[in-house]
*Asks:* 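Have a look at the structure that comes next, please.
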Number of protein chains: 2
Amino acid sequence: MSAAQRVEQALGYLEGRWKLVILFQLFGGKVLRFSELERAIPAISQKMLTQQLRQMEQDGMVRRIVYPEVPPRVEYCLTDWGQALCPTLDSLLTWAEGRDLAAKPSE
Amino acid sequence: MSAAQRVEQALGYLEGRWKLVILFQLFGGKVLRFSELERAIPAISQKMLTQQLRQMEQDGMVRRIVYPEVPPRVEYCLTDWGQALCPTLDSLLTWAEGRDLAAKPSE
DNA sequence: CAGTATCCACTGAGATACTG
DNA sequence: CAGTATCTCAGTGGATACTG
């Protein structure tokens with residue numbers, strides 16, 4: 001597998017309109033319920049929130065904890081691997097800032 | 001602008017089916033002609049190669065050099081900013097490897 | 001050689017309504 | 001509360017043919 005393909009796969013984990021937003025909500029070890037995430041990200045639809053969370057769970061970035069109660073309670077938090085993404089995203093931010101500095105002021 | 005949005009924009013520069021592949025072809029200061037890129041990436045169509053290169057040029061990652069000759073010659077290389085992405089992609093690779101190590105052997 | 005120009009299929013994502 | 005189930009539409013990318 002080429003480096004390009006491997007990076008492509010890595011990026012795949014981050015693709016999806018809302019994954020980064022969710023990620024940032026959960027960074028720092030925060031634990032949030034489904035409805036709390038909905039409130040924290042007003043623009044997202046239930047369908048999208050569920051879908052993205054499911055994918056992130058499958059990918060191993062997010063842990064889903066279901067409490068067998070009525071009414072149902074489900075909590076989400078990052079796995080260690082999910083948390084580990086933080087410095088990499090920082091690196092990405094720093095790189096992106098370099099663009100502006102290099103004389104391409106946002107067009 | 002939130003951190004999530006800024007990272008999202010940064011990822012935007014990398015999105016597109018072929019940008020990473022092109023990036024890896026040009027890493028290390030390589031200078032390639034259009035046809036050389038085509039040959040290096042057999043699966044890509046002309047349309048896609050042109051489109052991705054144009055976007056990367058607009059984003060400031062790639063420099064396009066046209067020689068006013070007949071037949072036409074056009075060369076592509078990375079800008080300094082494009083080159084600067086290399087360590088960040090490494091960081092991403094390292095993170096992605098952490099997934100496998102953490103007991104999710106590729107599903 | 002280094003592109004444009006079309007047409008087409010597929011997917012991602014939004015809106016809406018319903019449920020255990 | 002925390003989801004599923006549909007429907008729909010726009011955007012991406014692929015295949016193919018043409019051109020300065």
Side-chain angles (χ1 to χ4, degrees), chain A residues 4-5 7-26 30-59 61-78, chain B residues 4-5 7-26 30-59 61-78:
Chain A
Q5 285 176 313
V7 173
E8 203 162 346
Q9 187 179 50
L11 283 177
Y13 299 137
L14 307 181
E15 269 163 28
R17 180 71 185 78
W18 299 101
K19 285 187 190 165
L20 288 173
V21 184
I22 295 172
L23 221 41
F24 275 92
Q25 292 297 329
L26 295 176
K30 271 171 289 185
V31 181
L32 295 177
R33 302 182 54 161
F34 187 86
S35 51
E36 290 176 315
L37 281 169
E38 273 191 295
R39 246 169 290 122
I41 314 171
I44 199 174
S45 68
Q46 279 196 326
K47 170 192 165 185
M48 277 299 110
L49 183 54
T50 307
Q51 188 184 101
Q52 306 276 292
L53 283 170
R54 287 287 183 288
Q55 285 179 25
M56 294 168 81
E57 190 194 356
Q58 266 220 317
D59 291 340
M61 307 171 63
V62 160
R63 183 160 20 250
R64 180 171 183 261
I65 307 152
V66 184
Y67 296 87
E69 304 173 357
V70 176
R73 178 157 64 107
V74 181
E75 290 182 345
Y76 294 91
C77 61
L78 294 185
Chain B
Q5 285 176 314
V7 173
E8 202 162 344
Q9 188 180 47
L11 283 177
Y13 299 136
L14 308 180
E15 270 162 27
R17 180 73 186 76
W18 299 101
K19 284 188 191 166
L20 288 173
V21 184
I22 295 172
L23 221 41
F24 276 91
Q25 292 298 328
L26 295 176
K30 271 172 287 185
V31 180
L32 295 177
R33 302 182 54 161
F34 188 88
S35 51
E36 289 176 316
L37 281 168
E38 274 192 293
R39 247 170 288 123
I41 314 171
I44 201 173
S45 66
Q46 278 195 327
K47 169 191 166 184
M48 278 298 109
L49 183 54
T50 309
Q51 187 183 102
Q52 306 274 294
L53 283 170
R54 286 289 183 286
Q55 284 179 25
M56 295 168 82
E57 189 193 357
Q58 265 221 317
D59 290 340
M61 306 171 64
V62 160
R63 183 162 17 252
R64 180 172 184 262
I65 307 152
V66 184
Y67 296 87
E69 304 175 356
V70 176
R73 177 158 65 106
V74 181
E75 291 182 344
Y76 295 92
C77 60
L78 295 184

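Note that the coordinates shown come from a computational prediction; the quantities given were computed from them, not determined experimentally. Numbered from 1 within each chain, the chains take letters A, B, ... in sequence-line order.
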*Asks:* Heavy-atom contacts under 4.0 Å between residues 15-24 of chain B and DNA chain D, which residues?
*Replies:* B/G16, B/R17, B/W18

*Asks:* Of the options D/dC1, C/dA2, C/dG14, whose atoms approach the side-chain atoms of B/P72 most closely?
*Replies:*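 Minimum distance to the B/P72 side chain belongs to C/dA2.
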
*Asks:* Would you say the side chain of A/K47 and the base of D/dG3 hold a donor-acceptor pair, judged only by whether the two atoms sit under 3.5 Å apart?
*Replies:*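 Donor-acceptor pair under 3.5 Å: no.
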
*Asks:* Write down the distance between CE (A/M48) and C1' (D/dC9), rounded to a whole number of angstrom.
*Replies:*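 Those two atoms, CE and C1', are 13 Å apart.
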
*Asks:* Taking all heavy atoms of A/L26 and all of A/Y76, pick out the closest pair and write down the distance.
*Replies:*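 Smallest interatomic distance, heavy atoms only, reads CD2-O, 3.5 Å.
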
*Asks:* Just the rounded figure in Å: distance from C1' of D/dG13 to CD of B/Q52.
*Replies:*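 The answer, rounded to whole Å, is 9 Å.
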
*Asks:* How many Å lie between CZ on B/R64 and P on C/dG3, as a whole number?
*Replies:*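 Rounding to the nearest Å, CZ of B/R64 and P of C/dG3 are 4 Å apart.
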
*Asks:* Using atom CD of A/Q55 as one end and atom C1' of D/dG3 as the other, report the distance to the nearest whole Å.
*Replies:*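 Rounded to the whole Å, the gap is 16 Å.
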
*Asks:* Can you check whether B/R54 has a side-chain N or O nearer than 4.0 Å to OP1 or OP2 of C/dG3?
*Replies:*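 Looking at the OP1 and OP2 atoms of C/dG3, one of them is under 4.0 Å from a side-chain N or O of B/R54.
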
*Asks:* Considering heavy-atom distances to DNA chain D, does B/A43 or A/R39 have its closest nucleotide positioned more toward the 5' end?
*Replies:*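 Nearest-nucleotide comparison on DNA chain D picks A/R39.
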
*Asks:* Measuring from atom CD of B/Q25 to atom CD1 of B/I41, what distance do you get when rounded to the nearest 0.5 angstrom?
*Replies:*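 So the CD of B/Q25 and the CD1 of B/I41 are separated by 5.0 Å.
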
*Asks:* Could you pull out the closest heavy-atom pair between A/W18 and A/Q52, with the gap in Å?
*Replies:* N-OE1, 3.2 Å

*Asks:* B/L49 has an atom CG; how far is it from atom C1' of D/dG13, in whole Å?
*Replies:*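 Between C1' of D/dG13 and CG of B/L49: 14 Å.
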
*Asks:* Would you indicate, yes or no, if C/dC1 has its OP1 or OP2 atom less than 4.0 angstrom from a side-chain nitrogen or oxygen of B/S35?
*Replies:* no

*Asks:* Taking all non-hydrogen atoms of both residues, which atom of B/A4 and which atom of A/V21 are closest, and how far apart?
*Replies:*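 The pair with the smallest heavy-atom distance is CB-CA, 4.0 Å.
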
*Asks:* Can you tell me how far P of D/dG3 sits from CD of A/E38, to the nearest Å?
*Replies:*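 Roughly 9 Å, once rounded to whole Å.
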
*Asks:* Both distances below 3.5 Å, Watson-Crick or wobble geometry, any strand: find the nucleotide opposite C/dC10.
*Replies:*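 Pairing partner: D/dG11.
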
*Asks:* Tell me the interatomic distance from A/L53, atom CG, to D/dC1, atom C1', rounded to whole angstroms.
*Replies:* 14 Å

*Asks:* Minimum heavy-atom separation for A/R33 and A/E36, please, with both atom names.
*Replies:*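 It is N-OE1, 2.7 Å.
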
*Asks:* Where the side chain of A/T50 is concerned, which of D/dG3, D/dG13, C/dA2 is the nearest nucleotide?
*Replies:*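 Ranking D/dG3, D/dG13, C/dA2 by closest atom to the A/T50 side chain puts D/dG3 first.
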
*Asks:* Round to the nearest Å and state the distance from A/I41 atom CD1 to D/dA2 atom P.
*Replies:*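 Taking atom P of D/dA2 as the reference, CD1 of A/I41 is at 14 Å.
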
*Asks:* Please determine if A/R17 and B/E8 form a salt bridge, counting it only when a charged side-chain N lies under 4.0 Å from a carboxylate O.
*Replies:* yes

*Asks:* From C/dG14, C/dA2, D/dA2, pick the nucleotide closest to the side chain of A/R33?
*Replies:*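 For the A/R33 side chain, the nearest candidate turns out to be D/dA2.
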
*Asks:* For C/dG20, give its Watson-Crick or G-U wobble partner with both distances under 3.5 Å, or none.
*Replies:* D/dC1

*Asks:* Taking all non-hydrogen atoms of both residues into account, name the closest pair between A/M48 and A/I44 and its distance.
*Replies:* CB-CG1, 3.7 Å

*Asks:* Which pair of heavy atoms, one from B/L78 and one from B/R63, lies closest together, and at what distance?
*Replies:*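 Taking B/L78 first and B/R63 second, the nearest heavy atoms are O-NH2, 4.1 Å.
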
*Asks:* Within the 4.0 Å heavy-atom criterion, would you say A/S45 contacts the bases, only the backbone, or no part of the nucleic acid?
*Replies:*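 Since no nucleic acid heavy atom lies under 4.0 Å of A/S45, the category is nothing.
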
*Asks:* Under 4.0 Å, heavy atoms only, any strand: does A/Y76 hit a base, just the sugar-phosphate, or nothing?
*Replies:*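 Sugar-phosphate contact only - A/Y76 comes under 4.0 Å of backbone atoms but never of a base.
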
